[in-house]
There are 2 protein chains.
Amino acid sequence: MKEIEKKLNDNGVRPTAMRILIYKYLAEKDVATSLTDIEMAFAKADRTTLFRTLKTFEKQGVVHQIDDGTGVQKYALCEPGCNCELEQDLHLHFHCNNCDETVCLTEHKIPHINLPEGFVAEDANLVLKGICDKCSGQ
Amino acid sequence: MKEIEKKLNDNGVRPTAMRILIYKYLAEKDVATSLTDIEMAFAKADRTTLFRTLKTFEKQGVVHQIDDGTGVQKYALCEPGCNCELEQDLHLHFHCNNCDETVCLTEHKIPHINLPEGFVAEDANLVLKGICDKCSGQ
DNA sequence: CTGACCTATGCAACGGAAGTGCATTTATTG
DNA sequence: CAATAAATGCACTTCCGTTGCATAGGTCAG
């Protein structure tokens, strides 16, 4: 519990009760989480608070945002050494068409692509879709 | 003009006046196009018609849909041999942070990724973001 | 040619999700 | 404790995708 407070403090986020709960929730889930997911889990809290909490987390490098192609923004906790901004640090994401969950494959970086003359890449997003390990094992 | 009619017929799409115009519009633009873009260009036509036209085009393999991370769906004409459904045929897309346009890099396929045990990829989406050739040349 | 029929188009409305402005509560600091 | 800043909650807006239903327009059989 105290570790979460410390973690938030280290990232320049004031550890309020709400924020600690949200962090804990994200830590317990091992899949990317949408604002609506969190809203369901914390029915009493206001949507805006949750929204702004996520945005604060994102800005301070606590979570990174994921666009998995479903049309809804999702978030996942950054790994200890996660440098989300740098191209070479971008891992890829896997979206399961069966259970509809999205997971970070932090070990799998996006390979370097040779672009045509004149194109300069600053960022990349790679999402693979298919059947995840949990669903294919059934 | 007649080629467009033929092209649509070949794909099982009845070539109405509206559809020919939309096809022509897409052909003239070399960048991915959103429903709103088309709506602007055809102010008299109804949003729904344009929407359904795009969906029809997509289903019949005339266009493919692109998710470039901006949150709005975009579409681009399929190349002659484009097999959008097959994993090995997936090209990548480049979104320019300067001019905000998204282009197909049809020559650049998404590299094969070795996934962890249990994961089966059926589809993939790779979007690179940065500065495009037109903007970097300035 | 004409009526029946199917398809395309148009209009209205809905729903989900992101986002903003402002008031209020809670925490921090002098 | 008072003054100030930050966090939370409420109301509302906007944007986009989508659907239901009515109408217009093209197609085909008789």
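OP1 or OP2 of dA7(D) has not a single side-chain nitrogen or oxygen of Thr16(A) nearer than 4.0 Å. For the pair Arg47(B) and dG10(C), the criterion of a side-chain N or O lying under 4.0 Å from OP1 or OP2 is not met. The shortest distance between the side-chain N/O atoms of Lys55(A) and the OP1/OP2 oxygens of dG19(C) is below 4.0 Å. In this structure, Arg52(B) does not reach the dG17(D) phosphate: none of its side-chain N or O atoms is under 4.0 Å from OP1 or OP2. Between dC10(D) and Thr48(A), no contact under 4.0 Å exists linking OP1 or OP2 to a side-chain N or O.
The listed nucleotides are dT19(D), dA7(D), dT9(C); the one nearest the side chain of Met18(B) is dT9(C). Nearest nucleotide to the side chain of Thr49(B), out of dT18(D), dG10(C), dG19(C): dG10(C). Of the candidates dC10(D), dT9(C), dT19(D), the closest approach to any side-chain atom of Thr53(B) belongs to dT9(C).
Separating the CG atom of Asp46(A) from the P atom of dT25(C) is a distance of 15 Å, rounded to the nearest angstrom. Between the CG atom of Leu54(B) and the P atom of dT19(D) there is a distance of 15 Å, given to the nearest Å. Rounded to whole Å, the distance from CZ on Phe51(A) to P on dA11(D) is 19 Å. Rounded to whole angstrom, the span from the NZ atom of Lys44(B) across to the P atom of dT9(C) amounts to 15 Å. Taking atom CZ of residue Arg19(A) and atom P of nucleotide dG9(D), one finds them 12 Å apart after rounding to whole Å. What separates OH of Tyr23(B) from C1' of dA8(C) is a distance of 20 Å, to the nearest Å.
Atom CD1 of Ile22(A) is separated from atom CG of Leu54(A) by 6.0 Å, given to the nearest 0.5 angstrom. To the nearest 0.5 Å, atoms NE2 (His91(B)) and NE2 (His93(B)) are separated by 3.0 Å.
Contact annotation for Arg14(B): backbone-only contact, meaning every heavy-atom pair under 4.0 Å involves sugar-phosphate atoms and none involves a base. Residue Thr36(A) is in sugar-phosphate contact alone, with no base atom involved, counting any heavy-atom pair closer than 4.0 Å across all strands shown.
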Show your reasoning for whether ring pair (Phe, Tyr, Trp, His ring centres under 6.0 Å) applies to Phe57(A) and Tyr75(A). CA-CA 10 Å; Phe57(A) 279 7; Tyr75(A) 302 86; 9.4 Å; no
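Here Asp67(B) pairs with Asp67(A), Asn125(B) under the side-chain contact (heavy atoms from CB on, under 4.5 Å) rule; sequence neighbours left out.
A heavy-atom distance below 4.5 Å is found between the side chains of Asp37(A) and Tyr25(A).
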